[in-house]
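Data first, discussion second: the structure below is written as structure tokens.
Chain naming here is simple, since letters A, B, ... match the order of the sequence lines and numbering starts at 1 in each. Hydrogens, waters and symmetry mates play no part in the numbers below; they use all other heavy atoms, side chains included.
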Number of protein chains: 2
Amino acid sequence: MPQPPQSYRELETLITAEYATLSKRLQQTARFVLDHPQEVALATVAKIAEQADVTPSTLIRLANSLGFKGFSEMQQLFRSRLVDELPNYTERIRAVRSATGETPDSTQLLWEFADANRAVLEQLPSRIDPESLEKALDIFEKAHAIHVMGARRSFMVASYMTYALAHVDKPALLVNGLGGMYGEQLRAMSQHDALLTISFSPYAEESQKACEDAHQRGLPSVVITDSNLSPLARFADVVFVVNEAEVKSFRSLTASLCLTQTLAIALGVRQDKKRKA
Amino acid sequence: MPQPPQSYRELETLITAEYATLSKRLQQTARFVLDHPQEVALATVAKIAEQADVTPSTLIRLANSLGFKGFSEMQQLFRSRLVDELPNYTERIRAVRSATGETPDSTQLLWEFADANRAVLEQLPSRIDPESLEKALDIFEKAHAIHVMGARRSFMVASYMTYALAHVDKPALLVNGLGGMYGEQLRAMSQHDALLTISFSPYAEESQKACEDAHQRGLPSVVITDSNLSPLARFADVVFVVNEAEVKSFRSLTASLCLTQTLAIALGVRQDKKRKA
DNA sequence: GTATAAATGGAATATTTATTCCAATCAACT
DNA sequence: AGTTGATTGGAATAAATATTCCATTTATAC
């Protein structure tokens, strides 16, 4: 291997090509460096090795087996990539936009979506009331099981929440309406459970119904929606209002997802603490 | 000078403010570091000193006189600037974090998630190859119907994509494995269809199988995954590698969602154009 | 199963890089 | 011009970081 790559892109290609011929540890390492180029660019061998869960020697060996004289030489390529790619974000959007004129070509769309979602995420945490967060977590913690309801566009968020809750060992049930059994699934909620409903305009009939149902039966209920005036708001014990991004009249769900993810993991953290105590 | 700046922006302000009070050599050095932040982030003291036409000691002295313990500490700020473009934001996170007792853990988590996802979205568009985007759209446009496959964590993305495609009038089928019928659903793909698979480590068996299946039957196939070395990559006609955010070992799906959303809507735009023509 | 080669981890070492310190220089004031 | 105090350069030292080497483990072939 006398000819080391001269650019990051060449390096990427080389690693992909040679991957199969590498040993187990070297594969693990190769994979890590490709997946965390930023880390590799700036950290020390020891730090990177620790994060990749290998020994420093292995990193050196990887560099050597790719034709470099040592790790430092390889690191240079990762650094050059950082510098080359350093984008002034808004400038690049403008560049993409003007280069394509009026036509909404796919790359420009991608920039716009990414930017819109990014902006939404920037605002989200300061717009969520910390007390509401804690209150919602109280409800979830006390509940035996959490039923999660979301129809149409919101279904995805509900399904993700159910998945995440399961991963922090919280019994969670997705109200999916399979076989037209929304009613049956809702009736299955016990007095010790809680309901989380995600619903955006135009608020699906089923979601409203679920929320009202829980309210009448005295079940604790948390709602994620898009306005304080949402029909679901008045039935809930805790309401989260999230502002979603919109591009070309397509609304995204990034903020809601970020919030549900936080709820799930914060719940996990709480449960952990409680168990230890 | 007991309080060193915590972010690049703060540093910038401090240097500007203190500039007049600095000695001649220190002014020269300060000017250089502000004008060549990239250089300062990556080079060694000796190299920077040479370029700035001062001695290494001077650089150390500058760092010290700005409140840093040493040059390395100051360099960290230049590096962080290289990595994330919005020092304002990370500064706010640090503020939330350091306000001990006042802020509940859940709020801090929310800030961290929002930030991690934001950072990912910032990088996404420049890491997605425009050609791949166009190629994927070609495939989708030609396909009679698009089958969307995603298991476990990726299920949500698949389900969203199916929803979005339906909304741009593209026939889409979610391979959901309901009733254990993955095999049956996959066999139902016709020669004129296409497959979109979303899969992340640890790659679900079913997703790998779906992808391989399509490959063997000669169906066009697009994959969204987390590494060039993903087992699904070699079976696909187009591969999108997305870097997802990770907080407390919980991975998010923001980037994948943003990409799928873009694909769906870009497809919608294309179809619109074609219809008009 | 045993022998042989390849791969691995980790401590020892070499190298690079940052920092300190002091003598020399420069500037300000008497 | 001479004295004092701050500033500067550069060599000496300390710290950090990368690399090498070898004993041990793991895989491979017989």
The side chain of [X] lies closest to which of these nucleotides: [options]?
{"X": "A:Ile60", "options": "D:dA18, C:dA18, D:dC21", "answer": "D:dA18"}
{"X": "A:Thr55", "options": "C:dG9, D:dT20, C:dT20", "answer": "C:dG9"}
{"X": "A:Lys24", "options": "D:dA27, D:dG10, C:dT19", "answer": "D:dA27"}
{"X": "A:Arg61", "options": "C:dC21, C:dT8, C:dT19", "answer": "C:dT8"}

Provide, to the nearest angstrom, the distance between the [atom1] atom belonging to [X] and the [atom2] atom belonging to [N].
{"X": "A:Leu59", "N": "D:dT20", "atom1": "CG", "atom2": "P", "answer": "14 Å"}
{"X": "B:Ile48", "N": "C:dA18", "atom1": "CD1", "atom2": "P", "answer": "7 Å"}
{"X": "A:Leu22", "N": "C:dA6", "atom1": "CG", "atom2": "C1'", "answer": "14 Å"}
{"X": "A:Phe68", "N": "D:dT19", "atom1": "CZ", "atom2": "C1'", "answer": "16 Å"}
{"X": "A:Glu50", "N": "D:dT17", "atom1": "CD", "atom2": "C1'", "answer": "15 Å"}
{"X": "B:Phe71", "N": "C:dT17", "atom1": "CZ", "atom2": "P", "answer": "12 Å"}
{"X": "B:Asn64", "N": "D:dT7", "atom1": "CG", "atom2": "P", "answer": "14 Å"}
{"X": "A:Glu73", "N": "D:dT17", "atom1": "CD", "atom2": "P", "answer": "20 Å"}

Close side-chain approach of B:Phe71 to B:Val40, heavy-atom, < 4.5 Å: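 Yes - at least one pair of side-chain heavy atoms lies under 4.5 Å apart.
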Test applied, side-chain contact (heavy atoms from CB on, under 4.5 Å); reference residue, B:Phe200; option that passes from B:Ser230, B:Ser256, B:Ser207, B:Ser227: B:Ser256
Side-chain N or O of A:Thr44 closer than 4.0 Å to phosphate OP1/OP2 of D:dA16: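 No, because none of the side-chain N or O atoms of A:Thr44 sits under 4.0 Å from OP1 or OP2 of D:dA16.
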side-chain N/O A:Ser72 vs C:dT16 OP1/OP2, d < 4.0 Å: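 The answer is no; no side-chain N or O of A:Ser72 sits under 4.0 Å from OP1 or OP2.
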Sugar-phosphate only, base, or nothing, as touched by A:Ser23 at under 4.0 Å among non-hydrogen atoms: sugar-phosphate
Sugar-phosphate, base or nothing in reach of B:Ser57, heavy atoms under 4.0 Å: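 Base contact.
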Aromatic contact, B:Phe155 with A:Tyr163 (centres under 6.0 Å): no
CA sep, side-chain torsions, deciding dist, call: A:Glu122, A:Arg118, salt bridge (Lys or Arg N to Asp or Glu O under 4.0 Å): CA-CA 6 Å; A:Glu122 228 162 69; A:Arg118 190 183 55 83; 3.4 Å; yes
Ring geometry between B:Phe235 and B:His215 (parallel below 30°, tilted from 30 to 60°, perpendicular above 60°):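 Aromatic pair B:His215/B:Phe235 classed tilted.
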